[in-house]
Amino acid sequence: QVQLVESGGGLVQTGGSLRLSCAASGRTFSNYAVHWFPQAPGKEREFVAGINNGSGFMKKYAHFVKGRFTISRDNSKNTAYLQLNNLKPEDTGVYYCAAKVGTATIYMRDMAYWGKGTLVTVSS
């Protein structure tokens, strides 16, 4: 089992930045690909970023955030991060961290473990 705890959310103005963290405990963190799925108010959860468990930590992003968001991980700290830059009001939502064994995908149905989310609010 893996437990995931997100942190780092908050209230920022349009154009601001946040750094979200996903701290993992339980089974070996390095075995898992890590992903971020925000859920805007009243909308479905959606994929924004994922990072592989190894082989250079290959990354994938949703097209609408590429160039603004950066996913990374520090296996020595059992933590993954999502750097949010140039934030827009439409980025507002609860950001969930999720993990699966092996390589990253973009689908919620593939995820084995979920955190409880951290709220990001971007004001206009």
Distance check, rounded to the nearest 0.5 Å: [X] atom [atom1] versus [Y] atom [atom2]?
| X | Y | atom1 | atom2 | answer |
| --- | --- | --- | --- | --- |
| S72 | R19 | OG | CZ | 5.0 Å |
| S21 | R73 | OG | CZ | 13.5 Å |
| T28 | N53 | OG1 | CG | 11.5 Å |
| K100 | R109 | NZ | CZ | 11.5 Å |
| Q3 | S25 | CD | OG | 4.0 Å |
| E6 | C97 | CD | SG | 5.5 Å |

Exercise. So, do R68 and K88 sit near enough that their side-chain heavy atoms are less than 4.5 Å apart?
Worked result: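 Yes, their side chains come closer than 4.5 Å.
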Exercise. Does a side-chain heavy-atom distance below 4.5 Å link Q39 with E46?
Worked result: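 They are not in side-chain contact.
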Exercise. F37 and Y96: aromatic ring centres closer than 6.0 Å?
Worked result: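 No.
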Taking [X] for the side chain and [Y] for the main chain, is one N or O donor matched with an acceptor at less than 3.5 Å?
| X | Y | value |
| --- | --- | --- |
| T118 | G9 | yes |
| H35 | A98 | yes |
| T70 | Q83 | no |

Exercise. Under the side-chain contact (heavy atoms from CB on, under 4.5 Å) criterion, do T105 and M111 qualify, and how do the steps go?
Worked result: CA-CA 9 Å; T105 72; M111 306 298 132; 3.5 Å; yes
Exercise. Should side-chain heavy atoms under 4.5 Å link Ile, Leu, Val, Met, Phe, Trp and Tyr, which residues sit in the same cluster as I71?
Worked result: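 Via sub-4.5 Å side-chain contacts, I71 links to V12, L18, L20, F29, V34, W36, V48, I51, F57, Y61, F64, V65, F69, L82, L84, L87, Y95, V120, V122.
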Problem set entry | Residues clustered with V2, ILVMFWY side-chain links under 4.5 angstrom |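 Once heavy-atom contacts under 4.5 Å are chained together, V2 belongs with L4, Y32, V101, Y113.
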Over all atoms of both residues, closest heavy-atom pair of [X] and [Y]:
| X | Y | value |
| --- | --- | --- |
| G50 | A104 | C-CB, 4.1 Å |
| D74 | S76 | OD1-OG, 2.5 Å |
| G102 | A33 | O-CB, 3.0 Å |

Problem set entry | salt bridge (charged side-chain N to carboxylate O under 4.0 Å, His left out) partners for R45, two or more places apart |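 In terms of salt bridge (charged side-chain N to carboxylate O under 4.0 Å, His left out), with neighbours along the sequence ignored, R45 is linked to no residue.
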Exercise. Does the side chain of N85 come under 3.5 Å of the side chain of S17 through a donor N or O and an acceptor N or O?
Worked result: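 Result is yes, a qualifying pair exists.
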